[in-house]
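Right, one structure below, let's go through it.
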Amino acid sequence: VFFFFQAEDGIRDAQESRGLGDVYKRQYMKLAEEIGGFAGQLTEHGLKRIVIEYEGHVATLNTKPLTAVVLEGLLSPLMDSVNMVNAPVIAKDRGIQVTEVKHDREGDYH
């Protein structure tokens with residue numbers, strides 16, 4: 001499973017010094033939740049590896065919450081009690097390798 005996150009120029013400028021600001025929480029977290037949930041619905045067999053790739057400004061942020069939300073969405077079709085706090089632990093316990101890849105380059109989609 002491969003996920004790709006890229007920041008938009010307007011978000012980068014507005015969030016430069018705000019850390020986990022409102023835009024980050026609303027837009028990135030919602031996107032991570034939707035992508036994880038979508039991939040979770042498509043998954044028919046046991047997962048072995050997940051690669052989440054962050055590009056642009058989002059790669060400079062703390063991406064652990066985003067990764068946790070993706071894992072929550074991905075695992076939620078399989079179990080009722082998964083949340084963003086326990087999803088990374090559940091993934092590890094199930095032997096799912098989770099890899100975050102970060103690129104500071106700007107992609108083609110900005």
Side-chain angles (χ1 to χ4, degrees):
V1 177
F2 176 82
F3 300 102
F4 181 79
F5 288 89
Q6 178 181 1
E8 296 178 18
D9 286 333
I11 294 172
R12 179 181 60 240
D13 295 340
Q15 295 300 306
E16 189 76 34
S17 63
R18 292 178 58 191
L20 288 176
D22 290 340
V23 171
Y24 178 86
K25 289 179 199 173
R26 279 195 319 269
Q27 293 183 352
Y28 293 147
M29 296 295 276
K30 183 65 177 167
L31 178 61
E33 178 183 3
E34 295 292 327
I35 289 174
F38 178 70
Q41 293 175 31
L42 297 176
T43 304
E44 295 180 7
H45 303 287
L47 293 169
K48 300 288 184 205
R49 183 171 186 232
I50 300 167
V51 177
I52 304 172
E53 186 168 339
Y54 299 96
E55 185 170 292
H57 177 68
V58 71
T60 67
L61 301 173
N62 176 8
T63 56
K64 294 297 181 193
L66 291 174
T67 297
V69 170
V70 168
L71 291 173
E72 175 188 4
L74 194 59
L75 297 171
S76 61
L78 306 173
M79 54 185 26
D80 293 330
S81 60
V82 67
N83 57 52
M84 79 175 280
V85 175
N86 66 11
V89 175
I90 291 171
K92 183 178 179 180
D93 289 347
R94 290 179 172 236
I96 301 170
Q97 179 187 356
V98 179
T99 304
E100 287 184 349
V101 179
K102 296 182 179 186
H103 303 283
D104 58 358
R105 69 177 185 252
E106 291 297 323
D108 295 332
Y109 305 103
H110 58 273

task: Return yes if a side-chain donor-acceptor contact under 3.5 Å exists between Tyr54 and Thr67, otherwise no.
output: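 A pair is found: one side chain offers a donor N or O, the other an acceptor, under 3.5 Å apart.
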From [X] [atom1] over to [Y] [atom2], what is the distance, rounded to the nearest 0.5 angstrom?
X     : Y     : atom1 : atom2 : answer
Leu71 : Ile90 : CG    : CD1   : 9.5 Å
Leu61 : Leu66 : CG    : CG    : 8.0 Å
Leu74 : Ile50 : CG    : CD1   : 4.5 Å

[X] to [Y] - nearest heavy-atom pair and separation:
X     : Y     : answer
Gln97 : Thr99 : NE2-OG1, 3.6 Å
Ala87 : Ala68 : CB-O, 3.8 Å
Val98 : Ala91 : CG2-CB, 4.2 Å
Ile96 : Arg49 : CG2-N, 4.3 Å

Please output the side-chain donor-acceptor pairs of residues 76-85 that fall under 3.5 Å, not counting sequence neighbours, one pair per line with the distance.
residue : atom : partner : partner atom : Å
Ser76   : OG   : Glu72   : O            : 3.3
Ser76   : OG   : Gly73   : O            : 3.1
Asn83   : OD1  : Val85   : N            : 2.9
Asn83   : OD1  : Asn86   : N            : 2.9

